[in-house]
Number of protein chains: 2
Amino acid sequence: MRRELFDIPEGVIYLDGNSLGALPKHVPARVQEVVREQWGQRLIRSWSEGWWEAPQRIGDRIGRLVGAAPGQVVVGDSTSVNLYKALMGAVKGTTRTEIVLDATSFPTDGYIARSVGELTGLEVRPAHPSSLDLTENTAVVLLNHVDYRTGGILDMVELTAQAHSVGAQVVWDLCHSVGVYPTELDEIGVDFAVGCTYKFLNGGPGAPAFIYVPRERQATFENPLSGWNGHRAPFAMESSYVPDPGIARARVGTPDIISMLTLDAALDVWDEIDMRTHWQHGLSLTSLFRSYVEQMTSLEVITPNTVLRGHQISVRCENAAEVMDKLIARGVIGDHRPPDVLRFGIAPLYIGPDDVKRAAEVLAEVTR
Amino acid sequence: MRRELFDIPEGVIYLDGNSLGALPKHVPARVQEVVREQWGQRLIRSWSEGWWEAPQRIGDRIGRLVGAAPGQVVVGDSTSVNLYKALMGAVKGTTRTEIVLDATSFPTDGYIARSVGELTGLEVRPAHPSSLDLTENTAVVLLNHVDYRTGGILDMVELTAQAHSVGAQVVWDLCHSVGVYPTELDEIGVDFAVGCTYKFLNGGPGAPAFIYVPRERQATFENPLSGWNGHRAPFAMESSYVPDPGIARARVGTPDIISMLTLDAALDVWDEIDMRTHWQHGLSLTSLFRSYVEQMTSLEVITPNTVLRGHQISVRCENAAEVMDKLIARGVIGDHRPPDVLRFGIAPLYIGPDDVKRAAEVLAEVTR
């Protein structure tokens, strides 16, 4: 626990870091420096004083947390936009006929997959990760590493191998696992991955997302959003698009510098973190919360009781919206997902054993 | 001139507001409030306290500056991403065979148009705006309102009518005209427009871009980037994508709140501005700068000497990169574009007659 690094409001137990991470204390001063000095005083000169390369530099910092060697992750755009790039890249030129969609995914993954399916003529087949039924018709499988409702973690090693065994590619959505799980993208041989930075990474509201394109796929990856930032020589202003040879080809337009550098500052908190230790720490805390909830309430915990779970406990509860309002009114902030799920994110950086005990007590009070 | 509202560094004449606008003085405090209070203290609750609707609310503020009634402009993503949405929306379901590309466009417009062409099978035909040769094969024409190299303004009324006369649609890129020209999108009947907010609007480095989809086109506009923010009921987490009935369907993923609200704060400067008066003011200043350059140097001004020009003067100059370095070293900040163009943005909000005189003197000194 490194709670001293965070600015958590008095009287609040914040269990929604899986939706919007808390503010690291040092971040406001760094944002101020970006606005007042880099923008205000250096003006256009800042583009050549660190801004231009920020998406790749910050990408490498995230790469360390997901097992990606430098030069394979770039930050920018939203998760939805990055999903689109990854899926369009994966199906480009394929003669296969289907995209398999993890039916437990966060909705945006399915919306984007269907849009890609419509544009390319591929069928989108939703399937449960336990029975994907992949065939030689499968071009790509889109999987969500952590189920946003239950907090269950999919077996990335096994499912990636399953896809590869039929010659299909795999795109992983890491939104709920980055900053949680010691993912090893390079070692597993994942084809593409995307994720957001505003949940467990504490990058700030709507902080830019990232995309992972492994080095060996970069030369053939075609970004459908061929904006000038992905060009080999963006300032040559050439009329034809020649993509950057490396990960920069996944860039699109001018990056949102203020949000980007807010994220950069926030990532300092992660510099000393070993992801394996961090994950174990989260497992202890979620176990503890689970046991309190089971002791103190009659609610059903739907998060799988195995080690394959995120830093999240989800509870089935009638009138979930109303119950969550009551919890928030008493200072316990989580969220709910329709129709009947209460979600509690347990971010080990700023949540401790006393917090989860008190949260369970309040949950017991409001559902009694 | 409202220079007192801006934080311009001592000793600098900033003539690059057409690339990155200057910092309005009140913005840092507002950004700090977003970070410390809205994110740090209110946390996830801020999403229902103004964040969620910010893209439409801020879009309406920009709408006023480009002649768009409320409910037709939304802020988010980069210009390149918005160009992609607009072009894909324009060609969806067409039986026509070509996209006509303004050959004088900023390169990213062409890169995106070609990507759209490849995906949809339409041919991309570059043409000079003076001879577009539109036919009944033309699905859409992509035009740049202000030429980024010369500063010349295209006649939006005439060119839009030309496109419509053959049943083609038109997408206008307003990057260099928003905050410059009293554009009347609704009145002219433009089909789609996009633009950025980090140039003359002073929204901050990489501030989010915008897209205009007029009300009568919204019901049939299909956003290829069908992220959850464009859904009719994003929090219902439905598995099928049903677009919002209005402009929100042009949204994609979670917006970058810190950059978005930085832009929102910056727009306060524009609240009192009448665009016609503002444009006239810019014309006087660019005329003045032109006359000084012509008197004091032997350089050729390539910006058209008509009223159809932006708040920019471009000058042809050998060794443009080197000359610009010398200018910057003496406190006159502009930029250059290959191979031989020096660009000087004249933002009437913070540039006055003394500035343009001094800038011309320094230009004369370094090119003597």
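Naming: A, B, ... by sequence-line order, numbering from 1 per chain.
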TODO: Run the ring-centre check on A:Phe235 versus A:Trp52 and record whether the distance is less than 6.0 Å.
DONE: yes
Task: Validation row, ring centre A:Trp228 to ring centre A:Tyr241 under 6.0 Å - done: no
Which answer fits [X], side chain, backbone, both or neither, if we ask what part of it has an atom under 4.5 Å from a heavy atom of chain B?
X        : answer
A:Ser240 : backbone
A:Arg114 : side chain
A:Phe106 : side chain
A:Tyr84  : side chain
A:Glu222 : side chain
A:Met88  : side chain

Heavy atoms only, distances under 4.5 angstrom: which of [options] has the most pairs with chain A? Name it, please.
options                              : value
B:Ala207, B:Gly17, B:Pro234, B:Pro28 : B:Pro28
B:Gly253, B:Pro338, B:Pro205         : B:Pro205
B:Gly40, B:Pro224, B:Gly206          : B:Gly206
B:Asp256, B:Val116, B:Leu43          : B:Asp256

Task: Expected output: side-chain A:Arg232 to main-chain A:Pro243 donor-acceptor under 3.5 Å - done: no
Open item on the list: Tell me if a side-chain donor or acceptor on A:Asn82 pairs with a main-chain N or O of A:Gly76 at a distance below 3.5 Å.
Closed with: yes
Largest heavy-atom contact set with chain B, pairs under 4.5 Å, which of [options]:
options                                : value
A:Ile333, A:Thr79, A:Leu101            : A:Ile333
A:Ser259, A:Ser115, A:Ser239, A:Pro208 : A:Ser259
A:Asp77, A:Asp335, A:Val12, A:Val35    : A:Val35
A:Pro255, A:Gly110, A:Ala29, A:Pro126  : A:Pro255
A:Asp7, A:Thr254, A:Leu83, A:Thr262    : A:Thr254
A:Met260, A:Arg45, A:Gln41             : A:Gln41

TODO: Please test B:Ile211 against B:Val81 for side chain to side chain contact (heavy atoms under 4.5 Å, CB included), starting from the C-alpha separation and ending with a verdict.
DONE: CA-CA 10 Å; B:Ile211 181 169; B:Val81 170; over 6 Å; no
Task: For the student: nearest non-hydrogen atoms of A:Val75 and A:Leu263, plus distance - done: CG1-CD2, 3.9 Å
[X] versus chain A, the contacting section by heavy-atom distance below 4.5 Å:
X        : value
B:Ala236 : backbone
B:Glu118 : side chain
B:Lys92  : side chain
B:Asp16  : side chain

TODO: Output, in order, the C-alpha distance, side-chain angles, deciding distance and verdict of side chain to side chain contact (heavy atoms under 4.5 Å, CB included) for B:Asn223 and B:Lys85.
DONE: CA-CA 6 Å; B:Asn223 183 351; B:Lys85 293 177 203 168; 3.6 Å; yes
Side-chain touch [X]/[Y], heavy atoms, less than 4.5 angstrom:
X        : Y        : result
B:Leu122 : B:Thr94  : yes
B:Ser19  : B:Arg337 : yes
B:Gln312 : B:Tyr148 : no

Open item on the list: Please report the interatomic distance OG(B:Ser80) to CG(A:Asn229), rounded to the nearest 0.5 Å.
Closed with: 7.0 Å
Open item on the list: Please determine whether a side-chain nitrogen of the Lys or Arg among B:Arg42 and B:Glu49 lies less than 4.0 Å from a carboxylate oxygen of the Asp or Glu.
Closed with: yes
